[in-house]
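Just so you know, these numbers use all the heavy atoms, side chains as well, and skip hydrogens, waters and symmetry mates. Just so it is clear: chains get the letters A, B, ... in the order the sequence lines come, proteins before strands, and each one is counted from 1.
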Protein chains: 2
Amino acid sequence: MISTRTSQPDVIAALEDAGLRITGQRRQVVAAIERRDVGFSAEDIAGELEGVGRATVYRTLKLLVKADVICKLVLPDGTPMYSPSRLEHHHHSVCTSCGAVEEFRDTTVERVLRSLTREIEGEIVGHRMEVFIRCRSCLDSSSS
Amino acid sequence: MISTRTSQPDVIAALEDAGLRITGQRRQVVAAIERRDVGFSAEDIAGELEGVGRATVYRTLKLLVKADVICKLVLPDGTPMYSPSRLEHHHHSVCTSCGAVEEFRDTTVERVLRSLTREIEGEIVGHRMEVFIRCRSCLDSSSS
DNA sequence: AAGTTATTGATAGTAAGTATCAACTATCAA
DNA sequence: TTGATAGTTGATACTTACTATCAATAACTT
């Protein structure tokens, strides 16, 4: 259903296309991200990849955000979190209990933006929309 | 045009109503915020109020966020920033050049959320929408 | 005015990075 | 295949934005 834009060879190719070097460390970070499909922190990756320096993990994550391979988002309490990006342009719903991240596309969001063009002075250069939820399974387990 | 919910006595009253003590420090922080109408950082306030401890500034800002007197938002680069809150429920447009923050209400945003209820599994407990812009005056001064 | 309890501030600590820079290595050209 | 070259790495120290601690202090209450 969901197109998998983040298969490892694609990501590596994308980095190459961006004129970046393909190093063992970058491969490891990409592979570590592939193994996850819910939100993760930079420290999660750094902790998992003992052989890769922390600075390199942070640098690579930043690169991957820029390349649209992952998204960085911020929970209501300010905690940053990363999540693999599978949809072309999208927004996030984040469960505030378990941290599960889902992506959604909604054309109405973009319609809102177009309507805001009339209301906002200046040129819109970007936007962010996050919806915070209690996901189905958290609701189910708490209503016991 | 815009209802000023953050006049100093009101804010103090609101804090009192919340069962909090009205201290000189809290008055100072509130007054410092009154003097601003664009985005500011916690350190801006702490730097301005030499007589008030940093910890107290941060504590008070947190209190004021909870009391809806100010909003905390996050720029695309992750920098947190505070801005006085004048509209009841609103979203923000932030100029990525000069940091000017405007609030806007848009019922279409809330309409989007209602439509998302159908799309998102789970219970929506909150949302955040930020629009990043290049404001009129930044556009004007750069096109010279 | 006294008592109780919230509040403060100095300090140290945490989370999430970023800057530095010498050592290393991917890639390219010969 | 081998240099040369320029991008990349990692250890370390530093930064930003806070938060925890806790003894001292000050607000409300009576």
Nearest-Å distance for atom pair [atom1]/[atom2], residues [X] and [N]:
X	N	atom1	atom2	value
A:Asp44	C:dA16	CG	P	9 Å
A:Ile45	C:dG17	CD1	P	12 Å
A:Tyr58	D:dC14	OH	C1'	15 Å
A:Leu75	D:dA17	CG	P	19 Å
B:Leu73	D:dA17	CG	C1'	15 Å
A:Gln28	D:dT8	CD	C1'	14 Å
A:Ile12	C:dT27	CD1	P	10 Å
A:Lys62	C:dA19	NZ	P	7 Å

Note to self: Using heavy-atom distances to pick each residue's nearest nucleotide on DNA chain C, tell me which of B:Asp77 and B:Arg54 is more 5'.
What the structure shows: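 The residue closer to the strand's 5' end, by nearest nucleotide, is B:Arg54.
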Would you mind telling me which of [options] lies closest to the side-chain atoms of [X]?
X	options	value
B:Ala55	D:dG10, D:dT9, D:dA20	D:dA20
B:Arg21	D:dT8, C:dA6, C:dT8	C:dA6
A:Pro80	C:dT4, C:dT25, C:dG17	C:dG17
A:Glu43	D:dA17, D:dT9, C:dA16	C:dA16
B:Tyr82	C:dG9, D:dC18, D:dT8	D:dC18

Next item on the list: Taking all heavy atoms of A:Met81 and all of A:Gly39, pick out the closest pair and write down the distance.
Entry: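 Of all heavy-atom pairs spanning A:Met81 and A:Gly39, the closest is CE-CA, 3.2 Å.
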Item checked: Closest approach of B:Ala42 to B:Tyr58 (non-hydrogen atoms, all atoms of both residues) ->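 Taking every non-hydrogen atom into account, CB-CE2, 3.3 Å.
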Next item on the list: For C:dA29, give its Watson-Crick or G-U wobble partner with both distances under 3.5 Å, or none.
Entry: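 C:dA29 is paired with D:dT2.
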Margin query: Taking A:Glu16 first and then A:Arg21, would you say they form a salt bridge - that is, a charged N and a carboxylate O separated by under 4.0 Å?
Written below: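 The answer is no: the pair does not qualify as a salt bridge.
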Note to self: Taking the basic N atoms (NZ, or NE/NH1/NH2) and the acidic carboxylate oxygens, is any pair closer than 4.0 Å for A:Glu121 and B:Arg136?
What the structure shows: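 Salt bridge: yes.
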Next item on the list: Look at the side chain of A:Thr56 and the backbone N and O of A:Val52, then say whether any donor-acceptor pair between them is shorter than 3.5 Å.
Entry: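 Here the side-chain-to-backbone pair does not exist.
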Is [X] close enough to [N] that one of its side-chain N or O atoms is under 4.0 Å from OP1 or OP2 there?
X	N	answer
A:Lys72	C:dA16	no
B:Gln25	C:dG9	yes
B:Thr23	D:dA27	no
A:Arg26	D:dT9	yes

Note to self: Any donor-acceptor pair, under 3.5 Å, between the side chain of B:Arg59 and the base of C:dG9, if you only look at N and O atoms?
What the structure shows: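 When only heavy-atom distances are counted, B:Arg59 does reach the base of C:dG9 through a donor-acceptor pair under 3.5 Å.
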Item checked: Nearest-nucleotide comparison on DNA chain D, the residue closer to the 5′ end among B:Ile22 and B:Ala42 ->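 Going by which nucleotide is closer to the 5' end, it is B:Ala42.
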Check: Looking for any heavy atom pair under 4.0 Å, which part of the strands does B:Thr79 touch: base, sugar-phosphate only, or nothing?
Finding: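 If one applies the 4.0 Å heavy-atom cut-off, B:Thr79 turns out to touch the sugar-phosphate alone, with no base involved.
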Next item on the list: Name the nucleic acid region contacted by B:Gly19, choosing base, sugar-phosphate or nothing; use a 4.0 angstrom heavy-atom cut-off, strictly under.
Entry: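 If one applies the 4.0 Å heavy-atom cut-off, B:Gly19 turns out to touch nothing in the nucleic acid.
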Margin query: With a 6.0 Å cut-off on the ring centroids, do A:His127 and B:His91 count as close?
Written below: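 They do not qualify: ring centres at least 6.0 Å apart.
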